[in-house]
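To start, the structure under review is shown below, and the notes come after it.
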Amino acid sequence: MSPEEIKSESNTPKDFIREIVVEDLKSGKNGTRVHTRFPPEPNGYLHIGHAKSISLNFGIANEFSGKCNLRFDDTNPVKEEVEYVESIAADVKWLGFDWEDRMFYASDYFDTLYKYAEDLILKGKAYICDLNAEQTRLYRGTLTEPGKDSPFRNRSVEENLDLFRRMKAGEFEEGSKTLRAKIDMSSPNINMRDPVMYRILKTEHHRTGDVWQIYPMYDYAHCVSDAVEGITHSICTLEFEDHRPLYDWFLDEIQTQYHPQQIEFARFNLSYTVLSKRKLNELVQKKLVDSWDDPRMPTLAGFRRRGYTPASIRNMCEKVGVAKRENITDIAFLEFSIREDLNKHALRTMAVLNPLKVTITNYPDDSTEELDAVNNPEDPAAGTRKVPFSKVLYIERDDFKVDPPKGYFRLFPGNEVRLRWAYFVKCTGYNLDESTGEVSEIFCTYDPASKGGDSPDGRKVKGTIHWVSAADAIDGEVRLYDRLFSVYNPNDVEEGKSYLDYINPDSLKVLQNCKLEPSLTNAVAGINYQFERQGYFCVDSKDSKPGSLVFNRTVTLRDTWAKMENKSKTS
RNA sequence: UGCCUUGUGGUGUAAUUGGCAACACGUCUGACUCUGGAUCAGAAGACUUAAGGUUCGAGCCCUUACAAGGCAGCCA
C-alpha cells in the first residue's frame with residue numbers, strides 16, 4: 001500500500017489499533033510490513049469472542065496487504081490436546097480466513113527459547129530458584145507490599161547454567177526448581193517480580209512427545225514467538241496490559257531482530273450468554289446442553305450447527321468495532337447480522353410447525369395441482385419451484401382463531417385470507433375436539449379464480465398464510481432454539497445465585513411431526529432455508545437423516561405482530 | 001490500601017491541530033407489500049461519571065474526586 005493510499009484511508013474512522021498500524025506504516029517503523037497472528041491455546045473450542053480476535057488479526061493483515069499467522073500457544077502440555085488444534089483450525093477456516101502456509105506452534109520454538117534462556121543466564125538475567133510454589137508465592141509479596149528476593153537469586157552463572165541443563169535433562173522433580181528472570185522483586189507491577197520462565201513438567205506434549213522435561217511460561221514464550229515470526233503488531237486482550245513491560249523486557253534483553261508491539265483491546269462479551277471456557281465447559285459437563293456444538297452454545301461450532309453463516313459473524317465483528325472499555329454487545333447485533341445475510345440468500349419454503357387440518361370443501365376430491373412458488377423474492381435468480389395443492393391441507397394452528405383478537409387478520413370464521421402462492425380461502429366453519437375443547441379441524445371454501453394468489457376482481461385480503469398439502473407433506477422434527485440464558489448478563493447476578501440459575505428453560509423446544517413441503521425432502525446440512533413467516537432453519541448436521549429430517553431454527557423472523565401482542569398482554 | 005486501564009443515548013462505536021456530539025443496532029410512528037418478513041420515510045433518545053480550572057469556545061487540555069475492570073498460577 002502506498003503512502004497516499006494510507007493517507008486517504010486514514011480519513012475514514014478507524015479503531016485505535018488500525019490507527020497505530022497506519023502510523024507505523026507512515027513512519028516506516030516496520031518497513032511496509034504488517035504481520036499479525038492469532039494465537040489460541042489448544043485447550044478448548046473457539047467461541048464468538050475468539051471470532052472477534054480472529055477477524056481483527058486476519059482483517060488487519062488483509063486490509064494492509066500483510067500476513068496473519070495461526071499459532072498455537074502450546075506451552076502447557078497438561079491442558080492441551082490435538083483434538084483442539086484440529087477443531088480450532090477448522091473453525092478459523094470456516095470463518096473464512098486463510099493462514100496459507102503459516103500454521104505454527106510455540107512448541108516449534110522450544111529449542112530457540114531454550115537457547116535464549118541460557119543466554120539470559122549467561123548475562124546474569126535469569127537464575128534457578130529452588131523455592132516451591134507456596135514459597136514463591138509468599139516471597140512474591142502482595143498487591144500492596146513488595147516481595148522479597150529469593151535466597152537463590154544470587155547463584156553463580158555457572159551454577160545456574162549447570163542446574164538449568166540438569167533441569168532440562170530431567171534430573172529434578174516437578175515443582176522443585178524453576179528458572180526465573182532476575183528483574184525486581186519490589187516492582188509495583190507484580191509481573192516484574194522475578195517471573196518464572198521455565199517450570200519442570202514431566203508430561204507428554206502433544207507435539208514434542210517426551211523430549212522436554214521443562215516448559216516455558218506464557219510471558220516468556222509469547223513475546224519470543226512473536227519476534228521469531230516477525231510479528232509487527234501483537235494484539236491481545238486487556239488482561240495482558242500489565243504484562244507488556246515484561247514482554248518488552250524479554251525482547252530487549254534477548255536483543256531479537258524484531259521487537260513486536262503488543263497492543264491490548266477489550267475482549268468481546270455477548271448478552272444472554274457466557275463466554276468463559278470454564279463456564280462453557282461446565283454447561284457441557286453438567287449436561288445442560290448436549291455438547292460443545294449444541295446449537296445454543298456460543299461456540300463457533302455451535303453457531304455453525306445452528307445455521308449462522310461465517311459472513312454474518314464476520315460482519316458483526318466488524319460493526320461492533322474495537323476499543324479498550326468493558327463492553328457487552330447485545331445479541332440483537334448478531335441476530336440483525338444473520339437476518340441481514342439470510343434474507344438475501346436463504347431459499348424460501350413452507351413448513352407447518354403446529355399443524356391444523358383444513359379441508360377445502362368446494363375443491364375436487366382427488367385432484368392435485370402444482371403451483372409455482374418464488375424461491376426468494378430478494379433474488380430473482382433463485383427461480384421458482386412447484387408446490388402441490390390439494391383438498392386437504394395443513395396450516396399453522398396460530399393462523400386460525402375462533403375469536404380473533406383486535407387487529408388479527410389471519411383466518412377466523414367468515415374471514416378470507418390468501419394461501420401463499422395458491423388461492424384465496426374463506427373460513428366457513430370448524431370442529432372442536434370434545435375432550436380438549438381445542439379446534440380439531442377447519443373448513444374453508446376457495447375461489448378458483450384466485451389461483452396463484454390474486455383475484456381478478458381486484459379484491460384484497462389482509463392476510464397471507466403458509467400451508468402444506470396433507471397428502472404430499474413430509475414429516476420432520478424441528479428444534480426451536482432461543483437464548484441460552486434469561487438475563488442480559490448471566491455473569492453478574494444476584495448474591496447467592498450463579499449463572500446456572502438463569503438458564504432459559506425454553507432455550508429448546510422440540511416439535512415432532514411438523515409438516516414440510518415436499519421440496520425439503522432432499523434438504524442437506526449447510527444450506528439455509530427460510531420457513532416463510534417463521535424464521536431461518538437448517539438441517540441439523542448431526543441428528544438429521546434422509547427420511548427423518550431434523551431442522552434447527554437459526555433465528556426467527558422479526559415479528560411485529562408478536563411484539564404488539566406482548567405489549568397488549570403486559571400493559 | 002499498590003500498580004495498570006477505562007468512563008460518550010438502552011447497546012456497540014465515532015467525533016481528524018479544542019469549533020453545533022455522528023453512525024449502527026434496538027425502540028417508536030407512518031408508507032408499501034402475495035412473508036405481520038424485506039424495503040422506504042420519519043421520530044424519540046446523551047447537557048459526554050462529578051466538581052473545579054484554562055479558553056471566545058472543552059467529550060477532547062489541567063486538577064481533584066467518584067465509578068468500573070484487570071493484576072498476588074510453576075495457567076494462558
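Just so it is clear, the structure is predicted and the values come from calculations on it, not from any experiment. Protein chains get the first letters and strands the later ones, always in sequence-line order, with residue 1 at the start of each.
- The stacking criteria are not both satisfied for A:Tyr218 over the base of B:A76, which would need a centre-to-centre distance under 5.5 angstrom and an angle between ring planes under 30 degrees.
- Spacing between B:C74 and B:A68 at atom P, rounded to whole Å, works out to 29 Å.
- An aromatic stacking contact links A:Phe409 with the base of B:G36, defined here by ring centres under 5.5 Å apart and ring planes under 30° from parallel.
- Looking at A:Glu378, its side chain comes within 3.5 Å of the base of B:G37 through a donor and an acceptor atom.
- Atom CG in A:Asp219 sits roughly 10 Å away from atom C1' in B:C75 (whole-Å rounding).
- Nucleotide B:U5 holds its C1' atom 11 Å from the CZ atom of A:Phe16, rounded to whole Å.
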Secondary-structure string, 5' to 3', Watson-Crick or G-U under 3.5 Å, | for another-strand partners, for RNA chain B: .((((((..((((.....[..)))).(((((.......))))).....(((((..]....))))))))))).....
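- Between A:Phe412 atom CZ and B:G36 atom P there is a gap of 15 Å when expressed in whole angstrom units.
- Between A:Lys324 atom NZ and B:G70 atom P the separation is 15 Å, expressed in whole Å.
- The same atom, C1', is picked in B:C75 and in B:A58; the two are 45 Å apart, to the nearest Å.
- Computed from coordinates, the A:Phe38 CZ to B:A76 P distance equals 16 Å when rounded to whole Å.
- Cation-pi contact between A:Arg207 and A:Tyr105: present, with separation from the ring centre below 6.0 Å and deviation from the ring axis of at most 45°.
- Protein atom CG of A:Leu143 is 14 Å distant from nucleotide atom C1' of B:G69, rounded to whole Å.
- A cation-pi arrangement, defined by a distance under 6.0 Å to the six-membered ring centre and an angle within 45 degrees of its axis, is present between A:Arg483 and A:Tyr272.
- Regarding A:Glu396, its CD atom lies at a distance of 17 Å from the P atom of B:U35, rounded to whole Å.
- Here B:G70 is the nucleotide among B:G37, B:G70, B:C25 with the atom lying nearest to any side-chain atom of A:Glu239.
- Note that A:Lys177 lies in the cation-pi zone of A:Phe172, set by a 6.0 Å cut-off to the ring centre and a 45° limit from the axis.
- Side-chain to base pairing of A:Asp242 with B:G70: one donor and one acceptor N or O lie within less than 3.5 Å of each other.
- Both the sub-6.0 Å distance and the 45° axial angle are not jointly satisfied by A:Lys426 relative to the ring of A:Tyr446.
- Residues passing the salt bridge (Lys or Arg N to Asp or Glu O under 4.0 Å) test with A:Asp372 are A:Lys386, sequence neighbours excluded.
- B:A76 and B:A65 are spaced 36 Å apart, taking the C1' atom of each and rounding to whole Å.
- Taking atom CZ of A:Arg267 as the reference point, atom P of B:U6 lies 17 Å away to the nearest angstrom.
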